[in-house]
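Comments concern the structure below.
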Amino acid sequence: MTTTYAVLSEGLEKRFGAVRALRGLDLAVAEGTVCGLLGPNGAGKTTAVRLLTTLLRPDAGSARVAGHDLVREAAAVRRRIGVTGQDASVDGDLTGRQNLRLFARLHRVRRAAARADELLDRFGLAEAADRPAATLSGGQRRRLDLAASLVRRPEVLFLDEPTTGLDPASRNRIWDAVRALKAEGTTVLLTTQYLEEADRLADDIALVDRGRVAHTGSPAELKALVGAYAEAVVADADALVRAAAVLDRLTGSEPVLDHERRTAGAVSTDPTLTLPRLVRELDAAGVPLVDAGLRPPSLDDVFLRLTGGDGDGGEGSDEGNGGGGSDDSKELVA
Ligand SMILES: Nc1ncnc2c1ncn2[C@@H]1O[C@H](COP(=O)(O)OP(=O)(O)OP(=O)(O)O)[C@@H](O)[C@H]1O
Ligand SMILES: [Mg+2]
């Protein structure tokens, strides 16, 4: 059985003046899966989405999206995808219902009114349906955006930070929607800064760092790459330094000390490290142990370790979300 890729990019590059936002992005998203693009501020996630959704033209490289060439068959790509960006796409003066009906008619969806109602219902927007979109809460608005991108039943859905700034209830609704879409066979590519989100939703994660994919794998594979997190809680302050020395030797990485909690911890790069050995070695070094542990790494550990975790890619970018006032968004691929 061969894998079919809903998104397959090779060497995508994009420059904004002196800033190299993408420096050869290789990405493969298998059909029917959820892929999380995870990376610090300025890593190039939004740029990748804008390229892959034909809103920007790549300077170099190529990609196929939903079976079509991104540049040569841009119109065909556009017909098969949906996108919810960091900027709202709905009209604030129209109600939720009017917005969805308008989208449905624009895209010649049959039974437009019924489709609009179905989506309103699905996203818990029934009571917000008849208010102007501009008066909706952030969470309602985001759900309306998502609903709008689904009017045409896209084969591939791109979501740029779908849950940033949402409360847990709204976030859960979006997560449920993503899971439901996947169950229906839709491929989803989402960007996020929330490791938990990627961990819960994504079949595969692509760690984006400075315009490239630094690592890919399932959440479990990425965690295995980093190894476990070893921790020792000690009885007195003096012992903390000795515990740290042991951890340093056993884990191969620099321990972090928490003096208040008398705890030393380090991410282990040694997959063979076990809890009994950790305790034995600490004991042999005369460390008065209160507690010791070896827990699976969180994606946080992975993220910090593999990207350096300092954000903004070190290229003097200060823009954060969105890329605001630029008129690059008008650079539509014809
Ligand atoms: N329209 C633009 N004009 C100039 N520079 C841009 C533009 N859009 C993005 N950039 C720069 O390209 C780099 C990548 O930005 P991008 O928005 O893709 O990052 P991101 O990973 O989405 O970040 P965030 O997590 O903050 O949303 C940054 O250095 C950014 O400042
Ligand atoms: Mg972004």
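As the structure lists them, so they are numbered: ligands from 1, and atoms in each ligand from 1. No experiment lies behind these values; they were computed from the predicted model shown.
At a 4.0 Å cut-off, at least one heavy atom of Gly44 sits close enough to ligand 1 to count as contact. A heavy-atom separation below 4.0 Å is not found between Arg20 and ligand 1.
Polar contact check, Arg50 against ligand 1: no nitrogen or oxygen pair lies under 3.5 Å apart. The distance criterion of under 3.5 Å between nitrogen or oxygen atoms is not met by Ala21 with respect to ligand 1. In terms of N/O distances under 3.5 Å, ligand 1 is not approached by Gly39.
In this comparison of Gln193, Arg210, Lys45, the heavy atom closest to atom 21 (O) of ligand 1 sits on Lys45.
The closest side-chain heavy-atom distance from Leu247 to Leu278 is below 4.5 Å. Looking at heavy atoms from C-beta onward, Lys14 lies out of side-chain contact with Pro58 at the 4.5 angstrom threshold.
More than 12 heavy atoms of other residues, nucleotides or ligands shown are found within 6.0 angstrom of CZ on Arg295. The environment of Arg108 atom CZ is sparse: at most 12 non-hydrogen atoms of other residues, nucleotides or ligands sit within 6.0 angstrom.
Formation of a donor-acceptor pair under 3.5 Å by the Arg115 side chain with backbone atoms of Val151 is found in this model. A donor-acceptor contact shorter than 3.5 Å links the side chain of Arg212 to the backbone of Arg23. With hydrogens and angles ignored, the 3.5 Å screen pairs a side-chain donor or acceptor of Arg152 with a backbone N or O of Ile81.
Set against the non-hydrogen atoms of Val19, the atoms of ligand 1 under 4.0 Å away are 11 (C), 12 (O), 29 (O). Atoms of ligand 1 found under 4.0 Å from any heavy atom of Thr46, numbered from 1 in the order shown, are 17 (O), 18 (O), 20 (P), 22 (O), 27 (O).
Put simply, Thr191 stays out of reach of the Mg ion (ligand 2), with no N, O or S atom under 2.8 Å from it.
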